Number of protein chains: 2
Amino acid sequence: MSVRAEMKQASREKILDAAGKQMRVEGLSGAGVASVMSEAGLTHGAFYSHFKNKDDMLCQALNHALKDNRSRWLGQPKKESWAQRLSRLAKRYLTGAHRGDLADSCALASLCTEAGKGSDRFKAYYEQELIETLDQLCGGSFAQADADKQQEALAFMSMMIGSIALSRAVVSEQLSDQLLQAGTDLAGRLADQD
Amino acid sequence: MSVRAEMKQASREKILDAAGKQMRVEGLSGAGVASVMSEAGLTHGAFYSHFKNKDDMLCQALNHALKDNRSRWLGQPKKESWAQRLSRLAKRYLTGAHRGDLADSCALASLCTEAGKGSDRFKAYYEQELIETLDQLCGGSFAQADADKQQEALAFMSMMIGSIALSRAVVSEQLSDQLLQAGTDLAGRLADQD
DNA sequence: TTTCTTGCATGATGGTTGTCATGTGAAATG
DNA sequence: CATTTCACATGACAACCATCATGCAAGAAA
């Protein structure tokens, strides 16, 4: 790759990093073109040589954010039962650190209601990222897992995302901690039940 | 109350109705002052004789939206076990109709991630509404329920909100239905376990 | 070296945002 | 009937928004 193309690629990465951070912290409408470009160390004029429009940037940024981020929550596949797996992942996901670090948090959680109000294109990207996460959660392919496992995986994701979203929507630190704890506990019980 | 005050009260109600609808459909930033006032049949100039500022309106609108809305999901208290209650409420809450009717949906669900990014005042209002819902779910007082019941109530709320939020964030109707089904099923199993 | 290409900056576009000052007509008050 | 009050409308404000036209300087190609 030429020097020229490398620099453009580096710029693109900086823009997507900034956009990914801003949209998780401030929401989709908070990640403005000028503000994102400024945080990336560029001016707003360069924007349209990288992306078709703002929505295009948001879609790419969602994909970019989850690329590195997913493995932080799913980790390396281990030899463990399905039940142990759910219990372990809940403990890793529903922490005070994850709750507080919105800028680097799981984008599926920090954007779950905003995706529902976004463009169809953005929703399609969101769905793709969700399915990729479900695939890795199921240890390969969500679509080919049996029906029971699919149901449990979906309910597990819903609860993880709901728990951490609620824990951020609340001011009382005690209630917030209790929400994380309740999610972790239920994941453990869900696992034991099988 | 004088004729004058009655008219002002009626205007206030219209504004809060419009704001509640717009913020659930378009998000907090989508419920603009001019746009809300226009839908309420007034001009933007009258706004500041009703509310201190936009954030003030959003807080009042959240409270207003949940005032009538909560009973739609919780219904009248019935003679039933705690387990039956959770299972019944999940069936009522996680429906395709609720998913589609964003304008009249449960505001705790449609705004859960936006609340986390909102002002401290808005978060305080959100927490208050969440606790009021938990109180009614527990049949009186959440704070005075025993620890196990509190945990289950919190996990139940997280899963309900997570399930319907995810079902809206996705384009595939099949996956969306499956998300609602998974939430309903897990609520039933959670109930049976006790 | 000369020409071409292009990533980025400067600057301007029309539209929208939240907020407020002023005016008006009608209800409330005396 | 005269006066005061006030809910609402008109209009203006600066700040912001996404988008694009133009210009330049530096790498690529000849």
Side-chain angles (χ1 to χ4, degrees), chain A residues 1-23 25-62 64 114 117-122 125, chain B residues 1-23 25-62 64 114 117-122 125:
Chain A
M1 193 157 55
S2 68
V3 175
R4 204 83 180 290
E6 273 173 13
M7 284 181 60
K8 180 163 188 182
Q9 178 65 22
S11 288
R12 181 189 152 87
E13 211 116 327
K14 273 189 226 162
I15 297 171
L16 290 179
D17 282 344
K21 173 182 167 187
Q22 290 195 16
M23 76 185 189
V25 175
E26 313 263 11
L28 297 186
S29 62
V33 171
S35 150
V36 165
M37 292 300 283
S38 164
E39 185 173 327
L42 300 170
T43 61
H44 64 276
F47 179 84
Y48 289 89
S49 66
H50 285 278
F51 305 101
K52 210 179 68 198
N53 51 34
K54 184 191 170 181
D55 191 59
D56 182 30
M57 173 190 73
L58 293 177
C59 291
Q60 309 291 332
L62 179 69
H64 183 76
E114 321 222 18
K117 294 157 194 156
S119 70
D120 282 352
R121 182 143 184 264
F122 190 84
Y125 269 78
Chain B
M1 192 157 55
S2 67
V3 175
R4 204 86 178 288
E6 273 174 14
M7 286 181 60
K8 180 164 187 182
Q9 178 64 22
S11 287
R12 183 189 151 89
E13 210 117 326
K14 273 189 226 161
I15 298 171
L16 290 179
D17 282 344
K21 173 182 167 187
Q22 290 195 15
M23 76 184 188
V25 175
E26 312 262 11
L28 296 186
S29 62
V33 171
S35 151
V36 164
M37 292 299 283
S38 163
E39 185 173 328
L42 300 170
T43 61
H44 65 277
F47 180 84
Y48 289 89
S49 65
H50 285 278
F51 305 102
K52 211 180 67 198
N53 51 35
K54 184 191 171 183
D55 192 58
D56 183 30
M57 173 190 73
L58 293 176
C59 291
Q60 308 291 331
L62 179 68
H64 182 75
E114 320 223 20
K117 295 159 193 154
S119 69
D120 282 351
R121 182 143 183 264
F122 190 84
Y125 269 78

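All values below come from the heavy atoms of this structure, side chains included, with hydrogens, waters and symmetry mates left out. Naming convention: chains lettered A, B, ... in sequence-line order (proteins, then strands); numbering from 1 in each chain. Keep in mind the model is a prediction, meaning the values are calculated, not measured.
Between B:Met7 atom CE and D:dA7 atom P the separation is 10 Å, expressed in whole Å. Going from atom CD of B:Gln9 over to atom P of D:dA7 covers 12 Å, rounded to whole Å. As rounded to whole Å, 15 Å separates atom P of C:dG7 from atom NZ of A:Lys14.
An OP1 or OP2 oxygen of D:dA7 is reached within less than 4.0 angstrom by no side-chain nitrogen or oxygen of B:Ser11.
No side-chain donor-acceptor contact under 3.5 Å links B:Ser38 to the backbone of B:Ala34. Remark: the backbone N or O of B:Ser49 is paired with a side-chain donor or acceptor of B:Lys8 at under 3.5 angstrom. In this structure, the side chain of A:Gln22 engages the main chain of A:Ser35 through a donor-acceptor pair within 3.5 Å.
Among the nucleotides C:dT10, C:dA27, D:dA26, the one closest to the side chain of A:Thr43 is C:dT10.
A:Met23 is listed as a side-chain neighbour of A:Leu58, based on a closest heavy-atom distance under 4.5 Å. Counting only heavy atoms from C-beta outward, the side chains of B:Arg121 and B:Asp56 approach each other to under 4.5 Å. Between B:His44 and B:Val36 the shortest side-chain heavy-atom distance does not fall below 4.5 Å. In this structure the side chain of B:Phe122 never reaches within 4.5 angstrom of the side chain of B:Glu114, judged on heavy atoms. A:Arg12 is listed as a side-chain neighbour of A:Gln60, based on a closest heavy-atom distance under 4.5 Å. Using a 4.5 Å heavy-atom threshold, the side chains of A:Leu16 and A:Phe51 count as touching.
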Task: Secondary-structure notation, DNA chain D, from Watson-Crick and G-U pairs under 3.5 angstrom (| other strand) - done: ||||||||||||.|||..|||||||||.||

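Rounding to the nearest 0.5 angstrom, the gap separating the CD atom in B:Gln9 from the NZ atom in B:Lys14 is 12.0 Å.
DNA chain D lies under 4.0 Å from at least one heavy atom of each of the following residues of residues 44-56 of chain B: B:His44, B:Gly45, B:Ala46, B:His50. Against DNA chain C, the stretch residues 27-38 of chain A makes no heavy-atom approach under 4.0 Å.
Annotation for B:Lys117: atom NZ counts as buried by contact number, over 12 foreign heavy atoms lying within 6.0 Å.
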